[in-house]
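Structure, as structure tokens:
Below, each value reflects all heavy atoms present in this structure, side chains not excepted, and no hydrogens, waters or symmetry copies. Quantities reported herein were computed from a predicted structural model and do not represent experimental measurements.
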Amino acid sequence: MSSSPFISNLQVLPLCLIFALCLFDAAITTTTMATSIDDEAKALHNSQWWNDISPVSNISNHCEWTEITCDANARIVQIDIFNTLNVGDKFGKMNFTAFPNLVYLRLVAIGLSGIIPSEIGMLSKLTHLDLSYNYLTGELPVHFSNLTQLVSLEIGHNSIDGVIPDQLIKSLKKLSILDLSDNNFNGSIPWSIGEMTNLTQLILNANSITGRLPSSLCNLTELEKLGVSENQVYGIIPSEIGMLSKLTHLDLSHNYLTGELPVCFSNVTQLVTLDMSNNHIDGVIPYQLKNLKKLSMLDLCYNNFSGSIPWSIGEMTNLTQLNLKANSISGKLPSSLCNLTDLESLRVSENQIGGLIPLEIENLKKLETLDLSRNNLIGSIPSTIGHLTKLKFLDLHRNQINGEIPTGLYFLSSLNLNYNNLTGNIDAELARVFNLDLSHNFLSGQIPVEFCHRSDISIIFLGNEELNNEISIFYSKCHTPSTPITTLGTSSSSTNFHPLKIILPITSLLVILFVAVLIVSRYKMKNKSKYEETVAMDGDMLSIWNYDGKIAFEDIIEATEDFDLRYCIGTGAYGSVYKAQLPSGKIVALKKLHRLESQDPSFDKSFRNEAKMLSEIRHRNIVKLHGFCLHKRCMFLVYEYMERGNLFYALSNDSDASELSWNKRVNIVKGIAHGLSYMHHDCTPTIIHRDITSNNILLNTELEAFISDFGTARFLDPNTSNQTLLVGTHGYIAPELAYTMVVTEKCDVYSFGVVALETMMGRHPGDLISHLSASSARNIMLKDILDQRLPLPSHQRIGTDVILVVTLALACLNSKPKSRPSMHQVAQELLFHRQSLANDFDKISIQQLMNQEAYPVTHTQ
């Protein structure tokens, strides 16, 4: 039976209607999608984020932008900006509601300021949010609790305050990484933190968190990294932390924790680092810690631990760093410590440890730092220490060690043996030790001539009574003394001629008159009229002690023929520099302030400031000041002469630059770092240079680096704001000085980064620095920026050193001052870093070094 045409038409009608509706729905969807895509493009354009690099005119191709990732439907799903823009207060101009499909948002180190836009809390699909290393303020938006799909939330290194929201903690059940470090969070850690059972990393370091550690932390059974250091947490350590079986890194340092170290910590057998330093923890060190077979770093310093070092600690054979400094530990050093054959740093200073230094110490072949100072050690220094060829720092000062100093310690960078009972002669090879202190012992015999090149003899051997006369003989043997200018307020440690000490106060006026007559007779005519007033002793003219005896004023005038232009070798920021050979044969450099310049208050102040600074500091990598004359008619400084001039000249001259091998360049950077580290961390108060440039780094015949030109240097006063006028050299000044006008150590750190890069590149790195904040940095290869006048490093060790220098330099150029390393950290890295390359040298990009992917850097505290 055939179908009726009428019935067939009725059946077809609904199908047509459905098809039409589908077409209509598709048209609406297409229109909506087009509108959404257009909204996204407009949001990017209206944000003005990219305007500083180049005006964004064609917004239709935004999916091709480096920082933007789109899905198959051209919808933005990822915005990833790392240190390539400078957004600043334009953060709020971005309409985040235009990106409903966004799953990944990383805005790191791009200068974001102000509060976090609450609209970010509407991105319901977001799984990763990273706003680290910016200048964000205010509290965390409550709308963040809507981001229930978040797996990673990182907002460290900002200035966000308020409490950690309990509502936020309870809502983000999928969170695996929570990093709130280096902010201003206060209040206590919410008990509800235990509900975030998917957490693998909880980083709350460097805030103002108070209260106790909640025992609910034990519910975080997936936790691998827990950091609550540098807060104000108090109370006992919850034993429940011992239940976190997957924990590999635990840092509770710099708090107010009390009580004993829980024995159950020994159950956390996956631990690699355990840092409990700078607390008030007491009791004994649990012997059960021996169960932590994977532990590499154990830091318990600055606590109240008592008892002896457990013998079982020798079973923790993966330890590379052991720090028990500043406790109340007694007993003897267990010889089992010598089983820790991977140990690189052993610090047990400032305790009450007695007995002998174990002979088995020679087993620690990888040891680089050994600090046993300020204890009650007795006996002699084991000769086997000389077998530790990697050892760089040996500190045994303030013990009761006796006997002779063993031979073979010449390879050390630092040796401190002061305040002991050491006897015997002085090994000539010790003159090669960079930082040496043998003061306050009972050493005897002659001072070897190998010490003649050193300027710190009186400091090295101070308090060795049998050497007092020998020091005077030593100076006369090594140097020819000259008649002094004057000795106002100086300490004459180079002589013990007591009759002179008695006669000098009585005859000082006669001596001054005699010198005046001598000058008048030697310099008639012009010299008489010009310098008669200079030696009149009116309080303006000073001289400082130096290892060549005393520098005579008349010798300076004679050597330069009254500062004749023939002896001028250059000009500086103020004054001219002259080269002069003294009667003793010693060649010195003289920086002289001209008369017109001396009438300028700023020049006069800088000149006197330099004399003040350099007369109070002395370091191997800081240019030596032999003497100075400050008088209204004649002002000059007497420096150690540097034969190879400044670093800028050496890099500018092709012949000199080719002589600066990669190894020499690395050593130059090391020298600058050590000098600045000394100024920042070993001087009280701290000294800030404020004008670190390649022009102010001098080189000697061995191409060693010396920091010079301290005219703009200043002491850092912790009790003031340290606001300053903008000084320094364009291209080397830290960017924050332009708007904060507050000088800190990190200003020098930035300048060091510029000079370090300049040394490796052979030219000022201005172009590279400008590209560091652009996406093009990802395409810049390390091999392309290095000085092309040298072949690429062929030796593995040299290659790793070059990469380390560039990595550290880039870290020092971080736009955020508090994210830069300290000069102490830089100096330590350059001394101790031994990590091998992760990639081939010629395949490493600048972006990798900025992310520390090719050569990770772990700062040494």
Quiz item: Which residue pairs pass the salt bridge (charged side-chain N to carboxylate O under 4.0 Å, His left out) test when at least one of the two sits in residues 187-214, sequence neighbours left out?
Solution: K173-E195

Quiz item: What salt bridge (charged side-chain N to carboxylate O under 4.0 Å, His left out) pairs are there with at least one residue in residues 125-153, not counting sequence neighbours?
Solution: none

Do [X] side-chain atoms and [Y] backbone N/O form a donor-acceptor pair below 3.5 Å?
{"X": "N207", "Y": "L180", "result": "yes"}
{"X": "D71", "Y": "A74", "result": "yes"}
{"X": "E222", "Y": "L220", "result": "no"}
{"X": "S751", "Y": "C747", "result": "yes"}

To the nearest 0.5 Å, how far apart are [atom1] in [X] and [atom2] in [Y]?
{"X": "L204", "Y": "S181", "atom1": "CG", "atom2": "OG", "value": "8.5 Å"}
{"X": "S171", "Y": "H143", "atom1": "OG", "atom2": "NE2", "value": "12.5 Å"}
{"X": "M196", "Y": "L217", "atom1": "CE", "atom2": "CG", "value": "12.0 Å"}
{"X": "D784", "Y": "M761", "atom1": "CG", "atom2": "CE", "value": "10.5 Å"}
{"X": "K174", "Y": "L199", "atom1": "NZ", "atom2": "CG", "value": "14.5 Å"}
{"X": "L126", "Y": "S152", "atom1": "CG", "atom2": "OG", "value": "10.0 Å"}

Quiz prompt | H249 atom NE2, over 12 foreign heavy atoms within 6.0 Å | solution = yes

Practice problem: State whether the number of non-hydrogen atoms from other residues, nucleotides or ligands found under 6.0 Å of Y133 atom OH is greater than 12. | Solution: no

Self-check item: Sequence-distant partners of K818, salt bridge (charged side-chain N to carboxylate O under 4.0 Å, His left out), two or more places apart
Solution: D182

Self-check item: Test salt bridge (charged side-chain N to carboxylate O under 4.0 Å, His left out) applied to K294 - qualifying residues, sequence neighbours left out
Solution: none

Please report, to 0.1 Å, the donor-acceptor pairs under 3.5 Å made by any side chain of residues 158-165, with sequence neighbours excluded.
{"residue": "N158", "atom": "OD1", "partner": "N134", "partner atom": "N", "Å": "3.3"}
{"residue": "N158", "atom": "OD1", "partner": "Y135", "partner atom": "N", "Å": "3.2"}
{"residue": "N158", "atom": "OD1", "partner": "L136", "partner atom": "N", "Å": "3.0"}
{"residue": "N158", "atom": "ND2", "partner": "L131", "partner atom": "O", "Å": "3.0"}
{"residue": "N158", "atom": "ND2", "partner": "I155", "partner atom": "O", "Å": "3.0"}
{"residue": "N158", "atom": "ND2", "partner": "G156", "partner atom": "O", "Å": "3.2"}

Quiz item: How are the rings of F96 and W49 set to each other: parallel, tilted or perpendicular (split at 30° and 60°)?
Solution: perpendicular

Quiz item: Hey, are T210 and S188 close enough side-chain-wise for a donor-acceptor pair under 3.5 Å?
Solution: no

Practice problem: Answer yes if the side chains of S208 and N186 hold a donor-acceptor pair under 3.5 Å, and no otherwise. | Solution: no

Exercise. Kindly determine whether K225 and D251 satisfy salt bridge (Lys or Arg N to Asp or Glu O under 4.0 Å), including the steps that lead there.
Key: CA-CA 8 Å; K225 188 172 183 179; D251 187 355; over 6 Å; no

Practice problem: Show the numbers, then the answer: is there a side chain to side chain donor-acceptor pair (under 3.5 Å) between S176 and T200? | Solution: CA-CA 5 Å; S176 174; T200 60; 3.0 Å; yes

Name the atoms and distances for all side-chain donor-acceptor pairs under 3.5 Å in residues 111-123, with sequence neighbours left out.
{"residue": "S113", "atom": "OG", "partner": "G88", "partner atom": "O", "Å": "3.4"}
{"residue": "S113", "atom": "OG", "partner": "D89", "partner atom": "N", "Å": "3.1"}

